[in-house]
Amino acid sequence: MEISLALGGGGSKGNAHIGVLRRLDQHGFKIRAIAGTSFGALVTAFYALGYPPDEIESIFSSFDQTKVYGHAPDDEPSFMGIAGAAAWLETWLGGKTFADLKIPTALTAVDLNSAKEVLLSEGDLLDAVLASAAIPGIFPARRINDMELVDGGTLDPVPVAPARALAPNLPVVAVALNVPMGEPAQSWSLPRPKYVPHSITERLSKMRYAQAIDVVLRSVDIMNRAVSEYRLEVDKPEILIRPAVSDVETLEQVSVGEIAKRGEQAFDEILPELMSLFLWHKRLARTLNSWSQR
């Protein structure tokens, strides 16, 4: 049972991808191509390098999530930096290129200069992951050649079309992490630097400026969801998996194992639909084969 896989963005919610991958492996599905954006790009890179889901979970769990943030000297302007995460990723992905990957892979980003979606499928793997995960304004844009790249989820939160392009004859299983339209808008609780007392950040959060930022972030959440629903309607994955992660904030410190289990639970719910899809494909293939022999 062969598939192409599309892993969407969602920050900390993205650990649910690990559970989906684990269940796919356990049930004998063969991932022949994979596309990812934002946190989905991070999981995609590790899986395409050959790390099994259990090992990815162990690697992610071992990282101290309090050390994610910080600016590097050459960072582009941004509200926050991810120098800590970039340094950690260097130990795992440093020196790796797309040529090292075991299956066809694409990571998505958006070029601010051309206002176009960019598919990254060659060159330095770490650069591609950091570009795909560069939440606009929050994390620094990544410059690759003449492009100024930010989070691929800006234009395509769940990269179904890239996954299908990598393996046109295979069904696409997509994992979406954003909340469907119609539910209340979500804001973000931006991480507090260790050196700033909680009492001060609490006061700052009540200031008019902070409240305005909250309105902006909730509006962006709604726009992102609308773009996601539009793209899913247009690109139509054969199977859509939605882990129950609406209570998890994008930049929240989480238990990797706990969020991964939510991915497993979501997969278990759609397994009958997925098996039915392959049963239908088998019947269609038999019918076409029978006709060709007449």
For the pair Ser12 (side chain) and Glu252 (backbone), establish whether a donor and an acceptor sit closer than 3.5 Å, ignoring hydrogens and angles.
yes

Using modelled atom types only, decide if a donor and an acceptor are shared between the side chain of Asp151 and the backbone of Ala134 within a distance under 3.5 Å.
no

Neighbour count above 12 (heavy atom, 6.0 Å) for Glu122 CD:
no

My understanding is that only residues two or more places apart in sequence, or in another chain, count here; which of them pass ring pair (Phe, Tyr, Trp, His ring centres under 6.0 Å) with Phe267?
His27

If every non-hydrogen atom of Gly263 is compared with every non-hydrogen atom of Val20, which pair is closest and at what distance?
O-CG2, 3.6 Å

Do the side-chain N and O atoms of Asp156 and Thr108 include a donor-acceptor pair separated by under 3.5 angstrom?
no

Do other residues, nucleotides or ligands put more than 12 heavy atoms under 6.0 Å from the CG atom of Asp74?
yes

Could you tell me which residues satisfy side-chain hydrogen bond (donor to acceptor under 3.5 Å, both in side chains) with Gln26, sequence neighbours excluded, listed by chain and number?
Arg23

Could you tell me whether a side-chain N or O of Thr66 sits under 3.5 Å from a main-chain N or O of Asp64, the two making a donor and an acceptor?
no

Full working for salt bridge (Lys or Arg N to Asp or Glu O under 4.0 Å) between Glu57 and Lys261:
CA-CA 11 Å; Glu57 180 178 327; Lys261 287 180 181 177; over 6 Å; no

With the 4.5 Å side-chain cut-off for hydrophobic clustering, are Ile34 and Leu240 part of the same group?
no

Heavy-atom closest pair (Leu177 atom, Lys13 atom, distance to 0.1 Å) is O-CD, 3.5 Å

Do you know the tightest heavy-atom contact between Ala163 and Ala35?
N-CB, 3.7 Å

Looking at Arg142 and Asp124, is there a salt bridge between them, counting it only when a charged N and a carboxylate O are closer than 4.0 Å?
no

Is the shortest side-chain N to carboxylate O distance from Glu229 to Arg225 below 4.0 Å?
no

Phe29: ring pair (Phe, Tyr, Trp, His ring centres under 6.0 Å) partners, not counting sequence neighbours
Phe278

Restricting to non-hydrogen atoms, name the atom on Ala33 and the atom on Leu166 that form the minimum distance, rounded to 0.1 Å.
CB-CB, 3.6 Å

Got a salt bridge between Glu269 and Arg242, using NZ or NE/NH1/NH2 to carboxylate O under 4.0 Å?
no

To check you understand the geometry: which heavy-atom pair defines the closest contact between Leu107 and Ala128, and what is its length?
CD1-CB, 3.9 Å

Would Phe98 end up clustered with Ile144 when hydrophobic side chains under 4.5 Å apart are linked, directly or stepwise?
yes

Group every Ile, Leu, Val, Met, Phe, Trp and Tyr by side-chain heavy-atom contacts under 4.5 Å, then state whether Val150 and Met223 land in the same group.
no

For Asp54, check side-chain hydrogen bond (donor to acceptor under 3.5 Å, both in side chains) against everything at least two apart and list the hits.
Arg22

Which atom of Gly153 lies closest to which atom of Asn224, heavy atoms considered:
O-ND2, 3.4 Å

Show me the side-chain donor-acceptor pairs of residues 78-96 shorter than 3.5 Å, one per line, residues at least two apart or across chains.
{"unit_1": "Ser78", "atom_1": "OG", "unit_2": "His71", "atom_2": "NE2", "d": "2.9"}
{"unit_1": "Ser78", "atom_1": "OG", "unit_2": "Met80", "atom_2": "O", "d": "2.5"}
{"unit_1": "Thr91", "atom_1": "OG1", "unit_2": "Trp88", "atom_2": "O", "d": "2.5"}

Taking the side chain from Asn113 and the backbone from Asp146, do they hold a donor-acceptor pair closer than 3.5 Å?
yes

Residue set satisfying side-chain hydrogen bond (donor to acceptor under 3.5 Å, both in side chains) with Glu76, at least two apart, ordered chain then number -> Arg143

